[in-house]
Amino acid sequence: MRVTGISRDLLDLLLEMGKDRHPYEFVGLLSERDGVIDQVSLVPGTISGETSASVFMEMMPLDTHKCGSAHSHPNGVLYPSDADLSFFPRAGRYNLIIGYPYSEVDWCCFTADGERYQLEVIP
């Protein structure tokens, strides 16, 4: 599966989740349909704090459309940390970082190996 976009509604939701959880991180798992990321799932048992968020991998839903993750960086840094680079390959191919102050330009997508990846925002 090759993802080329993210739905505007989901991107807006992720930005709001960042604002709502600030100054704590949030983390969720992303799903796609027809190459467009359109859903986030919150995993039971997720732990979040001011400097990290952790997902219990054994609680991840079994979903053939799972494509990656989204999490916030309350410090506004839109670049993956070492912990992110370790997590991305387990979460999926496409991983979003949502950063403070959570405006429509405060996000980036990265591949599982940490390379920046361009997504189109689909209305």
Side-chain angles (χ1 to χ4, degrees):
M1 139 237 18
R2 185 174 189 296
V3 168
T4 58
I6 182 170
S7 77
R8 164 58 64 194
D9 289 343
L10 178 60
L11 180 57
D12 290 345
L13 175 63
L14 294 171
L15 293 166
E16 284 301 315
M17 289 171 69
K19 286 179 194 173
D20 183 60
R21 292 292 302 151
H22 190 84
Y24 300 103
E25 285 194 14
F26 82 85
V27 63
L29 300 176
L30 301 173
S31 298
E32 62 80 31
R33 299 276 181 225
D34 300 320
V36 176
I37 300 171
D38 65 352
Q39 187 175 19
V40 62
S41 298
L42 302 178
V43 178
T46 297
I47 298 170
S48 64
E50 290 185 23
T51 59
S52 67
S54 300
V55 173
F56 291 102
M57 300 306 280
E58 56 275 355
M59 297 298 287
M60 290 174 57
L62 299 174
D63 181 357
T64 58
H65 294 279
K66 182 178 71 73
C67 65
S69 68
H71 76 282
S72 62
H73 277 185
N75 62 8
V77 174
L78 294 178
Y79 192 77
S81 67
D82 289 342
D84 294 338
L85 294 173
S86 175
F87 174 68
F88 287 172
R90 296 181 291 147
R93 290 183 179 178
Y94 307 96
N95 298 277
L96 276 61
I97 295 177
I98 310 296
Y100 177 82
Y102 314 108
S103 74
E104 67 180 56
V105 297
D106 295 314
W107 68 280
C108 285
C109 181
F110 297 90
T111 61
D113 61 0
E115 296 296 317
R116 195 173 285 246
Y117 185 81
Q118 188 69 36
L119 286 178
E120 178 183 359
V121 178
I122 309 294

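One-based numbering along the sequence shown. Just so it is clear, the values below take in all heavy atoms, side chains as well, and ignore hydrogens, waters and symmetry mates.
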**OP:** Of all the heavy-atom pairs spanning Pro80 and Gly114, show the shortest one and how long it is.
**Re:** CG-O, 4.4 Å
Original post:
Are the side chains of Arg2 and Tyr94 in touch, meaning some heavy atoms are under 4.5 Å apart?
Top reply: yes
Original post:
Between the side chain of Ser72 and the main-chain N/O of Gly99, is any donor-acceptor distance below 3.5 Å?
Top reply: no
**OP:** Hey, could you give me the CD/OG distance between Glu32 and Ser7, rounded to the nearest 0.5 Å?
**Re:** 12.0 Å
Original post:
Mind checking what makes side-chain contact (heavy atoms from CB on, under 4.5 Å) contact with Thr111, not counting sequence neighbours?
Top reply: Asp113, Glu115, Tyr117
Original post:
About how many Å separate OG1 of Thr4 and CD of Glu120, when rounded to the nearest 0.5 Å?
Top reply: 6.5 Å
Original post:
Looking at CG of Leu11 and CD of Glu16, how far apart are the two atoms once the value is rounded to the nearest 0.5 Å?
Top reply: 10.5 Å
Subject >> Minimum heavy-atom distance between Val36 and Ile6, given as atom pair plus value >> reply: CG1-C, 4.0 Å
Subject >> Leu96 with Leu13, same ILVMFWY side-chain cluster at under 4.5 Å >> reply: yes
**OP:** Grab the two heavy atoms, one from Ser103 and one from Leu15, that are nearest each other, plus how far apart they are.
**Re:** O-CD2, 3.3 Å
Original post:
Roughly how far, to the nearest 0.5 Å, is CZ of Phe87 from CG of Asp82?
Top reply: 15.5 Å
Original post:
Do the ring centers of Tyr102 and His22 come within less than 6.0 Å of each other?
Top reply: yes
Original post:
What distance do Cys108 atom SG and Asn95 atom CG have between them, rounded to the nearest 0.5 Å?
Top reply: 12.5 Å
Subject >> Minimum-distance pair of heavy atoms, taken over all atoms of Pro101 and Asp106 >> reply: CD-OD2, 3.2 Å
Original post:
Say you draw a straight line from CH2 of Trp107 to CD1 of Ile98; how long is it, rounded to the nearest 0.5 Å?
Top reply: 7.5 Å
Subject >> Nearest heavy-atom neighbours spanning Ala91 and Ser69 >> reply: CB-CB, 3.8 Å
**OP:** Answer yes or no: is there a side-chain heavy-atom contact under 4.5 Å between Pro74 and Glu25?
**Re:** yes
Original post:
With distance as the sole criterion, is a donor-acceptor pair present between the side chains of His73 and Asp84 under 3.5 Å?
Top reply: yes
**OP:** Please say which of Val3, Val40, Asp38 ends up in a side-chain contact (heavy atoms from CB on, under 4.5 Å) with Leu30.
**Re:** Val40
**OP:** Take Leu42 and Met17 through the side chain to side chain contact (heavy atoms under 4.5 Å, CB included) test and state the conclusion after the steps.
**Re:** CA-CA 11 Å; Leu42 302 178; Met17 289 171 69; 3.6 Å; yes
Original post:
What are the two closest non-hydrogen atoms of Ile97 and Val77, and how far apart are they?
Top reply: CG2-O, 3.9 Å
